[in-house]
Every structure is written in C-alpha cells, then in structure tokens.
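Everything on this sheet refers to the single structure shown next.
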Amino acid sequence: MDKKIISDLDNFPEEDKQRMSTVVDQLQFRDSLRMYNSVVERCFNECVNAFYRKSLTKQEETCVLRCAQKFLSLSTQVGLRFSDLTQEASTTDKGAESKLDC
C-alpha cells in the first residue's frame, strides 16, 4: 500500500479507522468466499461426471482432493511470492528514502 495513504490514515478519527477496518474485514471475507466457491465449482466441474449415485465414486473423490490440494498449493506459492515482492519493494523504498535524506 502507498505509504502516503497509510500515513494519511493516522490522521483519521478513531471512528473512521474502525469503519475502515470493518469494511476491509468484510471485503476479505467476501473474497475468501469467492475463492472458496471458485475452487468448489472448478473442482466439481472437472471431477464429477456421473450423477447416478448420491455419493462420489472413489475416482471422483480422489480427483476433487487432488484439485483442491493443487489450488491450495498454488495459492500458498502466490502468497509467498507476493510477500517477497512486497518486502523487496519496501526495502527498495527505504533505500531510496535514505539516499534522499543525505
């Protein structure tokens, strides 16, 4: 997030900060539900082919589990990479700021 935006948030009244926090929490919850629904839909469409039984076949169950595991693994890798990039950008910004202070 832009440092100017973060520093501007410090100037907000406590009530507005609380409201912003609530909105961010709601957005994160909504995004989590969207991601969950996307995984369920994608894995279901990919793995479940027959509707002649109430339960999944062993093959369908294995496919769904593998699909969900791949998605979670990919999400973890993307999250770690994003964290690395954010940390690198932060370090670069601090280096640029210290050069400007001289």
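Numbers here simply count residues along the sequence, with the first being 1.
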#### Entry: Exam field: side chain T76 to backbone L72, donor-acceptor pair closer than 3.5 Å
yes

### Message
What's the separation between atom OG in S32 and atom OH in Y36, rounded to the nearest 0.5 Å?
### Response
12.5 Å

### Task
Decide, based on the SG atoms alone, whether C43 and C63 are under 2.5 Å apart.
no

#### Entry: side chain to side chain contact (heavy atoms under 4.5 Å, CB included) between Y52 and T57, intermediate numbers included
CA-CA 10 Å; Y52 57 88; T57 64; 3.9 Å; yes

### Query
According to a 4.5 Å side-chain heavy-atom criterion applied to Ile, Leu, Val, Met, Phe, Trp and Tyr, with indirect links allowed, do V40 and M35 form part of one hydrophobic cluster?
no

### Salt bridge E15-R19, side-chain N to carboxylate O under 4.0 Å
yes

### Query
Which heavy atom of E60 sits nearest a heavy atom of N49, and at what distance?
OE2-N, 3.3 Å

### Summary
In short, C47 meets V64 closest at the heavy-atom pair SG-N, 3.5 Å

### Task
Supply the atom-to-atom distance Q59 CD to E61 CD, rounded to the nearest 0.5 angstrom.
12.0 Å

### Query
Backbone N or O of F71 within a donor-acceptor pair of the S75 side chain at under 3.5 Å?
yes

#### Entry: side chain to side chain contact (heavy atoms under 4.5 Å, CB included) assessment of R81 paired with D84
CA-CA 5 Å; R81 183 65 181 139; D84 290 346; 4.1 Å; yes

#### Entry: CZ on R66 to OG on S73, rounded to 0.5 Å
13.5 Å

#### Entry: Rounded distance (nearest 0.5 Å) linking atom CG of L33 with atom OG of S38
12.0 Å

### Task
Quick one: pull up CG in D31 and CD in Q28 and give me the separation to the nearest 0.5 Å.
8.0 Å

## Note on the structure
d(L85 CG, L80 CG) to nearest 0.5 Å is 11.0 Å

